[in-house]
Structure formats: structure tokens, C-alpha cells
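Being a predicted model, the structure only gives us computed values, none of them experimental. Just so we're on the same page: letters track the sequence lines, and every chain starts at 1.
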Protein chains: 2
Amino acid sequence: MSPAREDLLSIRQMCALFDVTPRTLRFYEAKELLAPLRRGTARLYGYRDRARLKLILRGKRFGFSLEDIRQLLDMYDRNPGQQEAQLARTYALAAERLAQMERQRAELDEAIAELKAEMDWGATALAALRSAAAAE
Amino acid sequence: MSPAREDLLSIRQMCALFDVTPRTLRFYEAKELLAPLRRGTARLYGYRDRARLKLILRGKRFGFSLEDIRQLLDMYDRNPGQQEAQLARTYALAAERLAQMERQRAELDEAIAELKAEMDWGATALAALRSAAAAE
DNA sequence: CGCCAAGGTGACGTTAAGGTAAACCGTGAC
DNA sequence: GTCACGGTTTACCTTAACGTCACCTTGGCG
């Protein structure tokens, strides 16, 4: 069950909800990706923090660095009015990242193909050794 | 022009031949991946070193760590007689690595697909904003 | 009052594969 | 002699994203 919009979560609850460690949340906060409320010294995570964390984790899945993510997030809440320009910028960054990922995939494909070729060679050599051994 | 079998290369020549830095060659030596001859204190790289370095760089392209590569290389020249067993072992490691690479590729594909979906969404939103702006 | 669990801070460690800097050596040329 | 060049060693630095530890605080409960 996801928390209601106004719920404030403790760090533990937050961790359970997103499957991260407390260290991670404090780390993100140190990097200015999150800014939970405080009750005394204790952190309280609200709706906004949950939304941000969701974006952070998604960004990570896409291979963005935390620094990249911070900049995007910052852009959105430093001047929440330039929606079109911001969306366009985000889109451009995403396109760039997509191109990177596709290059990476191409390299990976190449390496996979090359490795498979080596393995075919190895399989042949292995078979030859074994039939030679059997023939003795 | 590749060097003749008996040629001994200086570290510079080696670097030029394989497009690596001296630091890299010394680093590999510290990690016991290479063991060039010495004339005085200077390193001299022979045929064997060139063959090993070629394997090292190939291994890296496949995403093996230097430590993995060292173990494979070691296996081959610590007891150069168990050819079948060694080849089989190498083959097994390659298969494992291939599986890893294919998993990685699948994840990458998924991330690419997800990112593309986000981008479609973004493109739509962007178009909506623009036509709204045009309508004013 | 005493204690525990949950929370906090600060500091240092980890990993891989080198980069970078400082200081030294040997030798062939001039 | 000394200059430059190519080489050597040792040692510390880098990056990312946390993990781990030691040592406080604080709130609640019996």
C-alpha cells in the first residue's frame, strides 16, 4: 500500500518503500538530491521526497549519474515556470543518454559476437583434443 | 609493420604498438600479468610479452577484470601440459562471462525501451505545450 | 530511573585501473 | 662537462556510490 499524499515517513519506512539503505538516503541528502523535513534531528520524508526519490532511482536505471540527476531535478524546482524549455532540455539529455546506451549496446553486441567466435574455436579445439585422446 | 619474432621492444615501442601508456605496462607488470626482460633497469618486451598483452587487451574488451585475466594466463604457463583441462576451464569461464554479458544486454535493452517510452511521453507533452503557446 | 531501539553525525574504507608528480639514473652527443 | 632523452622507482590522487564503524542523542516504556 503506497502512503497517502500527506503521510510523512521515517527513514526506515522510506527505506522499506524503495528498497534502499538509510546510508543511501543520507547520502542523497548530502548530495542535495533530497531535502526531507526535520522533526528535531530526525528526518521526515513527505510526498515530494518520495516523488524525487522515484525519479532518482529511475534516472539511475537509465545510467545517469547522481550529479546529472541533481542538475535535472534542480532545474525543475529552481524556476518552476519554464516548463517548455525544461522539458525540452530534459528531452535532449535523454536523447543523448539514449544514444550513449545504444552505442554501448552495439559494443556489447560486438564483444558478444567476438567472444562467441572464440568459443566456437575453443569448442573445436577441445573436441579435437578429446578425439585424439580417445584414439590412443 | 609488426615486429619480427625475436625483436625486443622498448617500453615506448610497446606503447606505440598497442596504444597504451607506459604506466599501463608497468601496472600490468606489478599485477604480474607481464614479465619483460631487463637490460640494466630498462624493460625489454619480447614476443611472449606481446602475445600476452594481446590476450590481456582482448580479455579487457570482453569485460574480464585484470585479476580474471591473470588467473587464466597463470593457468596456462604454470603447468603447460594440461591442455585439455585448461582449455575446458577457459571455455567455461568464457561461457559464464558470455551469460553475464547477455544479461547485461537484456537489462540495457529494457532500459532503452523504458527511456524511449518516457521520451515519447515527453515529446507528446512538449507538442501539447507548443500548440497551446501557438494558440494564444 | 534506567534502558533500548531508532536515529543522528563524522570519518574512514572500498574497488578498478590506471594518472600524475617528484626525484633519480645512464648514456650518447656536442 | 653537461644537456637532453628515455627510462626507473615511489608514492599519492582520482571517481562513484555508497559500506562500515565509533560514538552521541532522544523518545518512549516499564
Side-chain angles (χ1 to χ4, degrees), chain A residues 7-46 49 52-73 97 100-101 104 107 111, chain B residues 3 7-46 49 52-73 93 97 100-101 104 107 111:
Chain A
D7 282 352
L8 292 177
L9 303 188
S10 74
I11 195 168
R12 288 277 157 206
Q13 294 171 316
M14 209 49 187
C15 288
L17 192 54
F18 289 96
D19 192 30
V20 296
T21 69
R23 180 66 176 98
T24 298
L25 295 182
R26 296 193 190 108
F27 182 72
Y28 290 172
E29 187 175 342
K31 293 271 165 183
E32 299 180 271
L33 288 155
L34 292 178
L37 295 174
R38 295 297 184 115
R39 184 173 51 197
T41 71
R43 292 164 172 84
L44 287 177
Y45 298 89
D49 298 303
R52 288 180 73 106
L53 184 52
K54 199 181 300 181
L55 287 174
I56 294 168
L57 297 177
R58 181 180 305 181
K60 286 201 55 181
R61 282 205 311 284
F62 295 156
F64 286 101
S65 71
L66 292 182
E67 177 54 22
D68 290 343
I69 296 171
R70 189 187 62 74
Q71 288 180 26
L72 283 173
L73 251 35
R97 179 66 195 139
Q100 256 181 50
M101 288 172 76
Q104 191 182 335
E107 278 174 38
Chain B
D7 282 353
L8 292 178
L9 303 188
S10 75
I11 196 167
R12 289 273 161 208
Q13 294 172 317
M14 201 60 179
C15 287
L17 193 54
F18 289 96
D19 192 31
V20 295
T21 68
R23 179 66 175 98
T24 298
L25 294 181
R26 297 193 188 107
F27 182 72
Y28 289 173
E29 187 175 343
K31 293 270 164 183
E32 299 180 271
L33 288 156
L34 291 177
L37 294 174
R38 294 297 184 116
R39 184 173 50 198
T41 72
R43 292 165 173 83
L44 289 176
Y45 297 89
D49 298 303
R52 294 191 123 218
L53 184 52
K54 198 181 302 181
L55 287 175
I56 293 168
L57 296 178
R58 181 180 304 183
K60 285 202 56 182
R61 282 205 310 285
F62 294 156
F64 286 101
S65 71
L66 291 181
E67 176 55 21
D68 290 342
I69 296 172
R70 190 187 61 75
Q71 288 180 26
L72 283 173
L73 250 36
L93 281 179
R97 178 67 194 137
Q100 256 180 52
M101 289 172 75
Q104 190 182 335
E107 277 174 39

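Taken residue by residue, residues 25-32 of chain B places heavy atoms nearer than 4.0 Å to DNA chain C at F27(B), Y28(B). Taken residue by residue, residues 58-70 of chain B places heavy atoms nearer than 4.0 Å to DNA chain C at K60(B), S65(B), L66(B). Only S10(B), I11(B), R12(B), listed by number, bring a heavy atom of residues 7-15 of chain B to less than 4.0 angstrom from any atom of DNA chain D.
Residues I56(B) and L66(B) form a side-chain contact, since some pair of their non-hydrogen atoms from C-beta on lies under 4.5 Å apart. Between L8(B) and L37(B), some side-chain heavy-atom pair lies under the 4.5 Å cut-off.
Atom CG in L44(B) sits roughly 16 Å away from atom P in dG6(D) (whole-Å rounding). Atom CG of L34(A) is separated from atom P of dA17(D) by 14 Å (rounded to the nearest Å). Protein atom OH of Y45(B) is 10 Å distant from nucleotide atom P of dG7(D), rounded to whole Å.
Under the side-chain hydrogen bond (donor to acceptor under 3.5 Å, both in side chains) criterion, R39(A) pairs with no residue at all, not counting sequence neighbours. Judged as a salt bridge (Lys or Arg N to Asp or Glu O under 4.0 Å), and not counting sequence neighbours, the contacts of R58(B) are E118(A). Residues satisfying the salt bridge (Lys or Arg N to Asp or Glu O under 4.0 Å) test with E67(B), not counting sequence neighbours, are R70(B). R23(A) meets the side-chain hydrogen bond (donor to acceptor under 3.5 Å, both in side chains) test with no other residue; sequence neighbours excluded. Evaluation of the side-chain hydrogen bond (donor to acceptor under 3.5 Å, both in side chains) rule for R61(B) yields E114(A) as partners, not counting sequence neighbours.
Heavy atoms of R38(A) sit under 4.0 angstrom from primed sugar atoms or phosphate atoms, though from no base atom.
The two atoms that bring I69(B) and F64(B) nearest to each other are CG1-CB, 3.8 Å, heavy atoms only. Closest non-hydrogen pair, P22(A) versus C15(A), comes out as N-SG, 3.3 Å. For the residue pair F62(A) and M101(A), the shortest heavy atom distance occurs at O-SD, 3.6 Å.
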Are there any protein N/O atoms within less than 3.5 Å of an N/O atom in nucleotides 20-24 of chain C, and if so, which ones and at what distance?
{"unit_1": "dT20(C)", "atom_1": "O4", "unit_2": "R23(B)", "atom_2": "NE", "d": "3.2"}

For nucleotides 24-29 of chain D, list the nitrogen or oxygen atoms of the protein found under 3.5 Å from its nitrogen or oxygen atoms, one pair per line.
none

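Rounded to 10°, the helix from dC1(C)-dG30(D) to dC30(C)-dG1(D) has 40° between the axis fitted to its first five pairs and the one fitted to its last five.
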List the atom pairs, donor and acceptor, that lie under 3.5 Å between side-chain atoms in residues 24-36 of chain A and the rest of the protein, sequence neighbours left out.
{"unit_1": "T24(A)", "atom_1": "OG1", "unit_2": "T21(A)", "atom_2": "OG1", "d": "3.0"}
{"unit_1": "E29(A)", "atom_1": "OE1", "unit_2": "R43(A)", "atom_2": "NE", "d": "2.5"}
{"unit_1": "E29(A)", "atom_1": "OE2", "unit_2": "R38(A)", "atom_2": "NH2", "d": "3.0"}

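Atom NZ of K60(A) sits about 12.5 Å away from atom CG of D68(A), to the nearest 0.5 Å.
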